[in-house]
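Below is one structure, written out as structure tokens; the observations come after it.
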Amino acid sequence: MENNINWNFDNSYSRLSDAFKEHIKPVAVKYPELVIINESLAKELDLDLSKINKDKLSSLFTGNTLPEGSNTIAQAYAGHQFGHFTMLGDGRAILIGEHITNGNKRFDIQLKGSGKTSFSRNGDGRAALGPMLREYIISEAMHNLNIPSTRSLAVAKTGEKIMRDTLLEGAILTRVALSHIRVGTFQYIAARDKKDELEIIFKYVINRHYPKLANSKNKAIDLLHNVMSKQIDLVVNWMRVGFIHGVMNTDNMSISGETIDYGPCAFMDTYDPKTVFSSIDHMGRYAYCNQPIITKWNLSRFAECLIPMIDENQKKAIEIATEIINTFEKNYEEKWLEMMKKKLGLLGNHSTDKTLILDLLTWMHQKKVDYTNTFCHLMKFEVQEEDFQDRVFKDWKKRWNERLIINNSSNEKSAALMRTVNPLVIPRNDKVEETLDLANKNNFKMLFEFLEILKTPYIEKKNTYKYQIPNENNKEYKTFCGT
Ligand code: AMP
Ligand code: MG
């Protein structure tokens, strides 16, 4: 087929019963126009973009043309949104298929902004160019920061305006994910109270994401352990780079352990554990420092769904699940400490390590210094910051240097370790906004330059410095949901 760019679909989720999804096609758009395509991701997926022209690519990445082998569905799910349980589902996204790479890896290919479905509630099923490019930039940045994330393959304009606060240009993002199965997917099925359906999604997830559990004695217990471990790794990574997801509802937590649903997320500049960017998060539920505890809360909701499969005796099952969930803090603490030690290049163990780390964080908080750039400074990447002349900080550095010597090792080893975990650049809020403003005016030069810098966040490039300095206005930065 001429539209084929080597899609190789095998749509296992669409073969599940109708309890799990709705069969529906994307709503055609007026004037499809490809804005950006991720060529390196296309290569990783073994796609061949050379065969077809831009018009046909535009048509393909807006869903106007459906590739051979696709079987389009909207997935059903529920979720606790800011603590309140709601029935949701893909209200503006359609899974076009599961692509299998030459190496036999399976990826969901989803069009986001593809029109109404039966889950759209009052929404228009559409998305705007700015937020779709924002997801592209940030998800790709996360991936390059070595943080599990859904990926962005393309953004195409629809040629249609959509109504938000003002009229905005419509666009569709092609999202690539290990899967779109969420904690909320389990919640949706559990709420229907049909054990056979729960068994289906449970077996499906083990088969697709945790095949090693196929022979485990109690698969539900082991699944809970595995998902918890992946989520702890994920949130530790977020804390490492100052990422604030912003809307950690259970429908936005992926069972595969990828960061998913880039809505009101943003990166913290000045270190303040209470940082919140989302305009609707009035109580700070999803503040930077609350992310671990919310991860635990969401995992508890996941555990509740697994109860019938943990043990026939409900009381016993709840006890087992509670015991597992209660190991969260200890596991998190350990992994967080290991991560922070890497950020400071600390090899081996010392009884004062945690105090040393906490003292630095306290100083950063009190002096309101930039989180990312403090670690750049410690790695001797000079970023202009008067605060680093502060006496308290200098005293702290003396202690740090003494500690570095204790387990030595060598300074080179410590420095090399730090270079693997402390990014030189993050997608700073003012730079993201500037990029999107220009893109909305049809100027994509900064988008391409920014993406190039974000491709190698641990390596200095010619233009890296332009993206390192935080803007004063970032302190007032606000982000929005449902855009
Ligand atoms: P999100 O905030 O992106 O995680 O979305 C939460 C829920 O709202 C999901 O069920 C989305 O499908 C739905 N949703 C968000 N925006 C729209 C829209 N413009 N039209 C229809 N549904 C939407
Ligand atoms: Mg969502």
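Predicted model, so just to flag it, every value in this text is computed and none were measured. Indexing begins at 1, ligand by ligand and atom by atom, following the structure's order. Residues: numbered from 1 along the sequence shown.
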On a heavy-atom basis, which atom in [X] and which in [Y] lie closest, and how many Å separate them?
X: S152; Y: L41; value: O-CD2, 3.5 Å
X: N11; Y: E98; value: OD1-N, 2.8 Å
X: K219; Y: A214; value: CE-O, 3.0 Å

For this session: State whether N252 contributes an N/O/S atom found under 2.8 Å from the Mg ion (ligand 2).
Result: yes
Problem set entry | N, O or S atom of D261 closer to the Mg ion (ligand 2) than 2.8 Å | yes
Classify the ring geometry of [X] against [Y]: parallel below 30°, tilted from 30° to 60°, perpendicular beyond 60°.
X: W7; Y: F9; result: parallel
X: Y467; Y: F450; result: parallel
X: H245; Y: W238; result: parallel

Exercise. Given R182, R164, R121, K112, which has its nearest heavy atom closest to atom 13 (C) of ligand 1?
Worked result: R121
Within the 4.0 Å heavy-atom shell around [X], which atoms of ligand 1 are there?
X: G125; answer: 18 (C), 19 (N), 20 (N), 21 (C)
X: N252; answer: 4 (O)
X: S120; answer: 21 (C), 22 (N)
X: D261; answer: 4 (O)

Exercise. What part of F119, side chain, backbone, both or neither, has a heavy atom within less than 4.0 angstrom of ligand 1?
Worked result: neither
Exercise. Under 4.0 angstrom from ligand 1, any heavy atom of D124?
Worked result: yes
Seminar exercise, completed: The residue among T174, I172, D90 that forms side-chain contact (heavy atoms from CB on, under 4.5 Å) with Q110 is D90
For this session: Would you check if the distance from the ring center of F107 to the ring center of H99 is below 6.0 Å?
Result: no
Decide whether an N or O pair under 3.5 Å exists between [X] and ligand 1.
X: G91; result: yes
X: G89; result: yes
X: D90; result: no

